[in-house]
Amino acid sequence: MAASALLLATPGAALAANNNSTSSKTAKAGSAKSAKAGGSRASAKEARASKAGSGASKTQLQAKGKRSAVADSQGAARPARKSARTAAPLQEANGAEARLIAVYELFGRGKSREALAKAQTLVRDHPNFQLAQLVYGDLLAAQVPPSNAMPDTAGIARLRGNPAMVELHEESRRRLQALRERPPAGTVPSQFLTLSTRSRFAIAVDASRSRLYLFENSDKGMKLVADYYISVGKSGTDKAVEGDARTPLGVYYITSSLDPRSLKDFYGAGALPINYPNPYDVRRGKTGSGIWLHGTPPQQFARAPLASDGCVVMANPDLKQLLRKVQIGATPVVTARSLQWISQPQAEKEEKKFADSITAWKDARASGNEAQLKKFYLPDFQRASRKPVDANSVLRDELTYAQGKRVQIKDVSYLHWRDTEDTMVATFGEVFEGEKNGRTRRQYWLRQAGEWKLFHEEILG
């Protein structure tokens, strides 16, 4: 069986390889000019065969099939080149994947020998990259004479029924999807309305594309700097209970970085726990714990798209890059079923709507009017502490703390999450007039009947 991974990734690609092989022999037999002319005549015959429909000969139909295969495999590369002008480019950070995709592109353009050479160096550098090994094997098999390399329908059917091959096919499909469907340039995930420059990086996971996007944040805004192939839970996303093998959906923060020397080999280069369940999860009765971003065992470069018990799993080289970027407690992680991308002006517009609520809450507190301030709190509001603190206690604390003084809010981050309800995670510092330091708060807001209400707060320092 030849060209299994390439066939599964780009249907008909093996036919393209056979076509390339035939073309190569033709080129050797005659001059380049005559070969080109022969190709034109063949194209003309194929066009006539196409018009002839069912009346075409077997040879003509086979030629048509080969031409379609080339078009299919070339199609894998063409949209990326076209969209590169208006979409965020694939970053070089994830080198092994970029090299694999380059192999696909070369093969799709009929440059099978160049593809083989690149695949060979790729598996030499990453011998545990199973998908790359499979592609390399396919390319080697595609070098045999066409009569032996031609795939058979039964063989392809067997491949498609093999669970391991199905997983590799899906991994291959999603990696290529990342090439074809780049985020529009200058956009951010809809959850990132604004991010304080204290958070130098932010992470967004798109489970539907098996993709983790890394953004760098500065006073000029957020910029996509890298993206990586990832795996999520065996049962998919939307974690609800302990042991359901699902990856949670929501807005989280990195809580620590675990030294790989303290972990089993299973977790690879390290682990970054996130704060699942967050207060919104707890409010909805979700259970479970120990959701990490972590690496793979040494013998495994990447895992299937759905392979973990709920964690987000990355190749070790990719995770090592991420480990150098994240800030404990300050790097947000959004995990979404499918990310929606919005422009910076759209994000600013949405931010303004919510910022008005924060300003109104701040003014109510400064006014010293308990009844006015109480309107911003849900009855079951809680502030995180060793002992639960209810809304009435918090109101008294806030009025005593503020004492009618004016306060400046700074280093603001607003992260929007919308599913069955509309929520916001707001993190900001506050400094009272005449003072140098103040509290840093993380608040969880819920929109009810068109108004934002507080249901949870953490005082970070």
Side-chain angles (χ1 to χ4, degrees), residues 91 93-94 96-97 167 170-171 174-175 177-178 183 189 191-192 199 201-215 224-258 260 263-278 280-281 286 288-297 300-339 415 417 419:
Q91 306 298 320
N94 45 0
E97 183 184 57
E167 288 183 344
E170 188 60 16
E171 177 185 338
R174 296 201 186 197
R175 289 181 185 274
Q177 187 181 19
Q191 291 82 11
F192 295 141
S199 296
F201 292 92
I203 292 169
V205 172
D206 187 325
S208 69
R209 289 177 168 78
S210 297
R211 212 72 190 166
L212 183 151
Y213 298 91
L214 177 66
F215 292 85
L224 177 63
V225 293
D227 54 286
Y228 311 92
Y229 168 83
I230 53 99
S231 306
V232 297
K234 298 184 188 80
S235 301
T237 57
D238 202 8
K239 186 174 186 61
V241 297
E242 176 80 37
D244 63 5
R246 292 180 178 274
T247 299
L249 299 176
V251 172
Y252 304 97
Y253 276 87
I254 300 286
T255 59
S256 62
S257 178
L258 304 181
L263 302 171
K264 297 178 180 177
D265 286 347
F266 178 79
Y267 298 102
L272 297 166
I274 62 173
N275 66 324
Y276 174 86
N278 66 20
Y280 183 48
D281 297 323
K286 297 198 172 187
S289 61
I291 302 300
W292 300 352
L293 276 60
H294 67 77
T296 61
Q300 191 176 42
F301 183 81
R303 295 171 68 178
L306 304 179
S308 77
D309 289 327
C311 292
V312 175
V313 183
M314 309 171 65
N316 290 323
D318 297 341
L319 181 66
K320 288 178 180 177
Q321 292 183 13
L322 202 65
L323 290 170
R324 293 194 290 268
K325 307 290 188 184
V326 299
Q327 301 162 276
I328 306 307
T331 300
V333 179
V334 166
T335 55
R337 186 177 286 110
S338 178
L339 290 172
L415 303 179
W417 181 258
D419 44 30

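Put simply, the side chain of Ser231 gets close to the backbone of Arg303: a donor and an acceptor are under 3.5 Å apart. Under the 3.5 Å distance criterion, the side-chain polar atoms of Ser199 are left unmatched by any main-chain donor or acceptor of Phe201. Remark: side-chain polar atoms of Thr296 are not paired, donor with acceptor, to backbone N or O of Ala315 under 3.5 angstrom. At distances below 3.5 Å, at least one donor-acceptor pair connects side-chain atoms of Asp206 with backbone N or O atoms of Leu339. The closest donor-acceptor contact from the side chain of Asn278 to the backbone of Val251 lies under 3.5 Å.
Closest non-hydrogen pair, Ser208 versus Gln177, comes out as O-OE1, 3.9 Å. For the pair Ile254 and Gln327, the tightest heavy-atom approach, listed with the atom from each and the gap, is CB-O, 4.3 Å. Closest heavy-atom contact between Thr335 and Pro248: OG1-O, 2.7 Å. Minimum heavy-atom separation, Ala307 to Ala304: CB-O, 3.4 Å. In terms of heavy-atom proximity, Trp417 sits nearest to Ala336 at CH2-CA, 4.1 Å. Minimum interatomic distance between Ala204 and Phe192 (heavy atoms only, all atoms of both residues): CB-CE1, 4.0 Å.
Residues Leu212 and Leu322 are in side-chain contact: their nearest non-hydrogen atoms beyond the backbone lie under 4.5 Å apart. When side chains are defined from C-beta on, Pro183 counts as touching Leu224, because their heavy atoms get closer than 4.5 Å.
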Carefully, step by step, assess Val313 and His294 under the rule side-chain contact (heavy atoms from CB on, under 4.5 Å).
CA-CA 5 Å; Val313 183; His294 67 77; 3.5 Å; yes
Would you check, one step at a time, whether the test side-chain contact (heavy atoms from CB on, under 4.5 Å) holds for Asp419 with Leu249?
CA-CA 9 Å; Asp419 44 30; Leu249 299 176; over 6 Å; no
Criterion side-chain contact (heavy atoms from CB on, under 4.5 Å) on Tyr213 and Ile203, from CA distance to verdict
CA-CA 6 Å; Tyr213 298 91; Ile203 292 169; over 6 Å; no
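Of the inter-residue distances, the one linking Gln300 atom CD with Phe266 atom CZ reads 8.0 Å to the nearest 0.5 angstrom. Between the SG atom of Cys311 and the CD1 atom of Ile230 there is a distance of 11.5 Å, given to the nearest 0.5 Å.
Using a 3.5 Å distance cut-off with no hydrogens or angles, the side chains of Arg174 and Ser210 do pair a donor with an acceptor.
Judged as a side-chain hydrogen bond (donor to acceptor under 3.5 Å, both in side chains), the pairs with a partner in residues 240-256 (not counting sequence neighbours) are, in order, Lys239-Asp244, Tyr252-Asp281.
Between Trp292 and Tyr267, the gap from one ring centroid to the other is short of 6.0 Å.
Residue-environment remark: NZ (Lys320) stays at or below the threshold of 12 foreign heavy atoms within 6.0 Å.
Looking at Gln321, Glu97, Arg211 one by one, the single match for side-chain hydrogen bond (donor to acceptor under 3.5 Å, both in side chains) with Tyr228 turns out to be Gln321.
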